[in-house]
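Heads up: the structure comes next, in structure tokens.
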Amino acid sequence: MNYRKEIDGLRAIAVLPVLFFHAKITGFSGGFYGVDIFFVISGYLITSIILDEVRLNKFSIINFYERRARRILPALSFVLFCTTVAAFYYMPQTLFQEYLESVAYVSTFTSNVFFYMQTGYFANPADEMPLMHTWSLAIEEQFYLFFPLLVALIWKFARTYLLPVIFLFAAASLLYSQYLTDLGIIDANFYFIFSRAWELLLGSVIAFIPVEKIHFKGLKREFWSLLGLAMICYSITALDESSPLPIGTLVSVIGSCFIIIFANPST
């Protein structure tokens, strides 16, 4: 796929509010919704790459996982090394033992399960867990364990159903998230792949849209692009941890989709 500057800009919009939220900077009560923007971007980019390769009959599961490993493991290993050294010197023994346990979960991309069992994302003890941020990485990697296989199989045997199947899975995940909210199961809703997959899958759905062929120009593109940006800004500044999933998340996710679909260097 072609490089898109606006998606790098969207990444910046996603990461800064998360940092500001955890730094407790006023005005970023919903900064954690930046993670949801990342999920949409990730689903869009990975699906675009997979579609390009299956259309050219060049897709390989082994090559896909190799690229993921080359992208993730060096940076993750460096973070784990530096954090472990700091934790060894500065953490009390009881916290350090808990930290080492979290390292084992991070290494197997199941840290979302670990942090679910330990504490809620917004609980005070979360500030004492240096690897808390890896829960979202775990969700992404769990998603990529099955998604490329799903795409490859459906493309081979029933490619006309690929988009409807992805959309169906997205809808099921979104409804499951709402179901958990109705039951009051907040932490599981926040941490687990089954109630988060719809965000990545909506990114996958818009990867099927040939954005370069959309005939909207001028004010039409500006309107939808700015609407997407306004929705993201609203979720970051006006919502907070009391906003129910998935309603609060939908605002930032749909806003991200609008930007990916309609924004380009002319907007």
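Predicted, not measured: the structure shown is a model, and the values here were computed from it. Hydrogens, waters and symmetry mates play no part in the numbers below; they use all other heavy atoms, side chains included.
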Flag the pair [X] / [Y] as yes when at least one side-chain heavy-atom distance between them is below 4.5 Å, and no otherwise.
| X | Y | result |
| --- | --- | --- |
| F21 | P17 | no |
| S107 | V103 | yes |
| V251 | Y33 | no |
| F38 | S136 | no |
| W198 | L175 | no |
| T267 | F262 | no |
| I236 | F20 | no |
| W224 | I261 | no |

Next on the checklist: Please evaluate residues Q118 and E98 with respect to the criterion side-chain contact (heavy atoms from CB on, under 4.5 Å), reporting the C-alpha separation (whole Å), side-chain torsions for both, the decisive distance (0.1 Å), and the verdict.
Outcome noted: CA-CA 10 Å; Q118 294 297 314; E98 189 175 279; 3.3 Å; yes

Next on the checklist: If you apply the rule salt bridge (charged side-chain N to carboxylate O under 4.0 Å, His left out), what do you find for R71 with E140, and how did you get there?
Outcome noted: CA-CA 13 Å; R71 180 177 177 83; E140 280 198 64; over 6 Å; no

Counting only N and O atoms by type, is there a donor-acceptor contact under 3.5 Å from the side chain of [X] to the main-chain atoms of [Y]?
| X | Y | answer |
| --- | --- | --- |
| T110 | V113 | no |
| R4 | A263 | yes |
| T249 | L245 | no |
| T237 | F28 | no |
| S195 | Y191 | no |

Next on the checklist: Can you tell me how the ring of F146 sits relative to the ring of F143, calling it parallel under 30°, perpendicular over 60° and tilted otherwise?
Outcome noted: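 Perpendicular, since the angle between the ring planes exceeds 60°.
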
Checklist entry - Y105 vs F114 aromatic rings, parallel, tilted or perpendicular, using cut-offs 30° and 60°? => result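 Rings of Y105 and F114: tilted, as their planes differ by 30° to 60°.
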
Checklist entry - So L202 and V40, side-chain contact (heavy atoms from CB on, under 4.5 Å) or not? Walk me through it. => result CA-CA 7 Å; L202 279 188; V40 176; 5.5 Å; no

Are there over 12 heavy-atom neighbours, none belonging to [X], within less than 6.0 Å of that residue's [atom1]?
| X | atom1 | value |
| --- | --- | --- |
| I62 | CD1 | no |
| F96 | CZ | yes |
| W155 | CH2 | yes |
| L183 | CG | yes |
| F88 | CZ | no |
| N57 | CG | no |
| Y179 | OH | no |

Which value, rounded to the nearest 0.5 Å, describes the distance between [X] atom [atom1] and [Y] atom [atom2]?
| X | Y | atom1 | atom2 | result |
| --- | --- | --- | --- | --- |
| R70 | N63 | CZ | CG | 10.0 Å |
| R221 | N264 | CZ | CG | 4.5 Å |
| S173 | L168 | OG | CG | 11.5 Å |
| Q93 | Q97 | CD | CD | 5.0 Å |
| F258 | F223 | CZ | CZ | 8.5 Å |

Hey, quick one: are [X] and [Y] part of the same hydrophobic cluster, counting side-chain heavy atoms closer than 4.5 Å, chains of contacts allowed?
| X | Y | answer |
| --- | --- | --- |
| M91 | V85 | yes |
| F78 | L131 | no |
| I46 | L145 | no |

Item to check | Check against side-chain contact (heavy atoms from CB on, under 4.5 Å), E6 and I260 | outcome: CA-CA 8 Å; E6 59 274 15; I260 292 174; over 6 Å; no

Next on the checklist: Taking the ring of Y116 and the ring of F192, is the distance between their centroids below 6.0 Å?
Outcome noted: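 So the answer is yes for these two rings.
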
Checklist entry - Do W135 and F190 have ring centroids that are under 6.0 Å from one another? => result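 Distance test on ring centres: under 6.0 Å, yes.
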
Checklist entry - Can you list the steps and then say if S256 with Y44 is a side-chain contact (heavy atoms from CB on, under 4.5 Å)? => result CA-CA 10 Å; S256 303; Y44 170 75; over 6 Å; no

Item to check | Reference residue V106; test side chain to side chain contact (heavy atoms under 4.5 Å, CB included); the match among T134, V79, T83 | outcome: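 Going through T134, V79, T83 one by one, the side chain to side chain contact (heavy atoms under 4.5 Å, CB included) with V106 is satisfied by T134 alone.
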
Item to check | Test item: side-chain donor near acceptor, N189 and T181, under 3.5 Å | outcome: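 Indeed, the side chains of N189 and T181 share at least one donor-acceptor pair under 3.5 Å.
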
Item to check | Modelled atom types, side-chain donor and acceptor of T84 and Y99, under 3.5 Å | outcome: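 T84 vs Y99: donor-acceptor pair found between side chains.
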
Next on the checklist: Evaluate N112 against Q142 for side-chain hydrogen bond (donor to acceptor under 3.5 Å, both in side chains), listing each step before the verdict.
Outcome noted: CA-CA 10 Å; N112 57 327; Q142 290 161 20; 2.9 Å; yes

Checklist entry - Do D8 and K5 pass the salt bridge (charged side-chain N to carboxylate O under 4.0 Å, His left out) test, and can you show the C-alpha distance, the side-chain angles, and the key distance before you say yes or no? => result CA-CA 5 Å; D8 271 349; K5 291 182 179 180; over 6 Å; no

